[in-house]
Amino acid sequence: MIAALLALIGALLVLGLAAVAMRRSPLATKLVYGGALVLTLALFALAAVALASLGAGAREAALPLGLPWLGVHFRLDALAAFFLAVIDLAAAAASLYALGYGAHEPEPGRVLPFFPVFLAAMNLVVLAADAYGFLFSWELMSLASWALVLAQHREAENVAAGTLYLLMASFGTLALLLGFGFLAGPGGDYSFAAIAARRPEGWVGALVLALALLGAGSKAGLVPLHVWLPRAHPAAPSHVSALMSGAMTKVAVYAFIRIVFQLAGPPAWWWGLVVLALGGASTVLGVLHALMETDIKRLLAYSTIENIGLIFASLGLALAFRADAMGAAAALAMTAALFHAFNHMLFKSTLFFGAGAVLTATGTRALDRLGGLIHRMPSLAVPVLGACLAIAALPPFNGFASEWLTFQAILLSPDLPQWGLKLAVPATGTLLALGAALAAACFVRFYGLAFLGRPRSPEAAAAVETDRASLAAIWGLAVPCVLAGLFPGAVIDAIAPAVQASVDARMPVQTGLPWLTIIPVAASRSSYNGILIFLFITASALTVAAAVHRFASRAARRYRAWDCGFGDVGIAAQYSAASFAQPIRRAFGSTIFRATDVVEMPPPGATAPARIRQSRIDPVWDGLYAPLVGFVWLLADRLNFLQFLSIRRFMSFVFLALVFLLLVLAVWH
Amino acid sequence: MMLPLLDTAHMLAGGLVLVSFMMLYQDRLSALINLLALHALVLSLAVAWQAWIQNAPELIITAATALGFKAIAIPVALQRMIKRLGIHREIEPVVGISATMLAGIGLVALALVVMLRTTASAAPLAREDIALALSVILLGMLIMVTRRNAVSQVAGFMSLENGLVLAATGAQGMPLVVEISVAFSILIAFIVIGIFLFRIRERFDTVEVQALDQFRGERR
């Protein structure tokens with residue numbers, strides 16, 4: 001099975017090379033995306049079969065590539081199979097979407113060769129079973145996605161985003177490299193099996209946790225390492241944005257689980273605390289940014305930070321429960337994390353596809369220039385509405401199911417023995433609840449401004465429905481959002497082997513329960529039934545709609561003569577992106593973001609218009625990165641003289657460095 | 001039976017270190033180049049001895065290259081060069097002779113300590129040979145660092161390279177291909193440096209590298 005997987009991944013790499021060869025051909029776009037679609041669908045099918053059939057077993061393979069005598073080891077276990085399925089489902093949908101969307105690409109030669117390589121690299125990261133193969137594929141993934149971010153390189157903003165991304169990606173890889181170094185120790189056996197058998201302890205484990213948080217966190221977009229994400233993800237073409245947000249962040253989550261849960265040895269109780277705190281902070285900061293953002297793709301990227309925060313909070317819970325040997329609770333939290341990772345892939349990809357369709361239809365990403373698209377693009381508006389409801393965690397969609405599981409795990413926290421956790425877990429829970437509420441507001445704003453109301457620009461008024469391939473991809477991911485929400489028990493049981501592989505415990509079997517209910521802990525505690533909720537919501541909504549239609553709409557109404565009913569009050573009188581966010585901005589902006597509104601009134605008699613200037617800062621950027629950048633500049637200034645030494649001094653420096661190293665060696669032994 | 005063989009190998013390697021020290025305090029250019037020839041001669045003897053005791057006939061070729069190129073061809077060319085440049089005058093070391101010699105002794109001590117400590121498990125012949133070779137390399141660097149004249153820097157560089165060859169042959173021989181490529185790279189470096197010497201001389205009327213710094217507007 002693993003041989004077939006590797007062969008398919010190899011075919012993806014070959015497809016990348018073929019794209020270079022046929023970049024001049026007009027058929028290249030169709031051929032490359034079509035090929036990627038077929039290959040990733042096959043990969044998805046294999047991964048799904050593996051997830052269902054592997055159980056606790058694993059398949060291994062080694063290829064004689066890379067370092068001589070070492071080769072590269074691959075291993076497929078349930079955890080890897082789950083993430084492979086997530087990645088390849090997103091990849092297949094993105095390929096299908098790109099069959100239509102790719103036609104709008106101004107320079108396809110800048111996207112086509114890197115797209116299959118990016119897909120292959122993500123698959124390889126998940127399959128790698130030694131540090132060398134892992135880091136190589138990780139770096140390949142970073143570089144391929146960087147090239148895709150720079151696909152539209154003529155915009156200065158994209159170049160800046162690409163540079164920042166490259167910096168953060170290199171930094172993250174460096175952290176992972178050091179982490180693997182500490183894990184392998186002086187023995188130098190870098191295969192995961194050898195590392196797991198070593199079971200590092202004490203400060204090494206804590207150090208590895210910190211490095212994994214830096215390495216995987218910077219790729220996933222965990223606060224405070226998120227700064228590149230809202231710039232780089234929107235800069236790429238929309239199907240790549242969807243992959244970066246939907247799939248690549250999941251690869252980072254996978255890396256964190258693999259390193260911290262399987263390789264770093266037994267966790268200490270405070271590890272969970274650290275991860276929880278970072279997850280909670282990411283959730284709130286990400287969604288607050290998203291609420292104030294006016295660019296649709298950046299809004300979605302900020303929302304990715306929020307969802308990654310949720311996933312990491314669940315992972316932190318799983319770590320805490322695992323440290324205290326509460327297997328069932330750890331399995332519940334891990335299930336919530338993996339379930340939400342799967343869900344986020346579904347709805348975030350749908351939303352990015354939708355944003356791309358809106359972008360091609362209207363030519364703009366600014367919320368303030370959209371509106372009324374539900375009339376112009378009805379077959380796009382319905383699945384996007386579904387994805388918005390799912391990401392806002394409303395029942396009966398899948399987002400609700402996974403977040404509900406997270407909160408069930410949080411409610412188990414009183415059983416934890418440490419007081420630090422007893423207090424911190426509910427505190428994080430309130431942060432997550434706040435984040436969930438704000439996310440709902442955020443997506444009401446997103447959908448309301450883009451799809452409802454009246455068009456705010458002529459382009460929005462002239463928008464036409466997007467092509468069939470794109471719509472098929474969007475529907476193809478939106479429908480599973482509903483299905484996973486209606487039948488959460490089936491999903492929980494499907495990912496149970498992956499949970500078993502990561503925390504050595506699993507949730508109780510859900511599929512046998514009557515009425516498709518899910519009961520995570522005990523029937524006396526809590527249960528959830530997606531179908532019943534769905535029926536109730538549908539019935540009550542239909543009743544209300546019928547009642548409104550019957551009693552309100554049809555009734556004759558009288559208005560005063562000259563105000564034209566709710567006549568034409570002007571498009572500018574609708575909510576704008578800024579005005580909808582204003583209450584939140586007032587509540588949080590002045591403290592967290594130091595938001596300011598300055599009104600400039602012209603003096604009486606002057607013909608200049610009045611202006612309102614708004615500004616806000618990113619506290620993480622100003623508090624952490626700006627000083628860092630300043631320090632680097634200062635250091636560069638101070639060391640500048642090294643550029644202008646005489647030849648003999650350069651030689652002396654080299655010589656002294658050598659002598660110093662020899663001295664260290666002499667003292668060390 | 002084994003001991004006198006090893007002793008001879010050590011004696012030759014030690015002789016190389018000794019010649020390095022002689023180069024370190026030699027302050028006349030032509031004498032320095034003669035010492036460089038002697039250095040290469042001792043090296044070729046040491047390599048030939050290694051060829052005999054290791055039963056490695058290919059090392060004879062290494063010894064022959066060392067003798068032909070480094071002991072004869074390059075010194076003759078260098079002598080001719082300094083004749084054409086007309087620089088037979090004294091060369092001034094940057095630091096005083098005694099300080100340089102003390103530093104050299106310190107470096108040899110460091111090399112021995114490092115090598116004997118880190119290679120405790122290696123064969124005794126190899127580890128002591130490598131320790132001496134490291135001393136020769138460090139002394140070659142010291143010569144390069146303490147001289148201002150480009151020609152004497154070339155001499156220091158050549159002695160450094162001799163140390164590399166000694167290390168490589170002491171450790172059970174190195175592949176002939178590597179040896180040939182090293183020899184060629186040295187030759188090319190020599191040619192390039194030689195051309196540069198004439199260019200520097202043409203432009204600045206001196207081969208003191210300090211002149212380059214002044215040209216760049218740097219203080220010393």
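Order of the sequence lines fixes the chain letters, A, B, ..., with proteins taken first and strands second; residue numbering starts at 1 for each chain.
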Give a yes or no on whether A/Y625 atom OH has more than 12 heavy-atom contacts from other residues, nucleotides or ligands under 6.0 Å away.
-> yes
Within residues 134-144 of chain B, the residues sitting under 4.5 Å from chain A by heavy atom, in sequence order, are B/L134, B/L138, B/M141, B/L142, B/M144
Please list, chain by chain and in numerical order, all residues satisfying salt bridge (Lys or Arg N to Asp or Glu O under 4.0 Å) with A/R59, sequence neighbours excluded.
-> none
Turns out that what part of A/L658 lies under 4.5 Å from chain B's heavy atoms comes down to side chain
Applying side chain to side chain contact (heavy atoms under 4.5 Å, CB included), run through A/F655 and B/L107 and close with a yes or a no.
-> CA-CA 11 Å; A/F655 180 59; B/L107 286 178; 3.4 Å; yes
Got more than 12 heavy atoms from elsewhere within 6.0 Å of CZ, A/F261?
-> yes
For atom CH2 of A/W146, decide whether the heavy atoms of other residues, nucleotides or ligands shown that lie under 6.0 angstrom number more than 12.
-> no
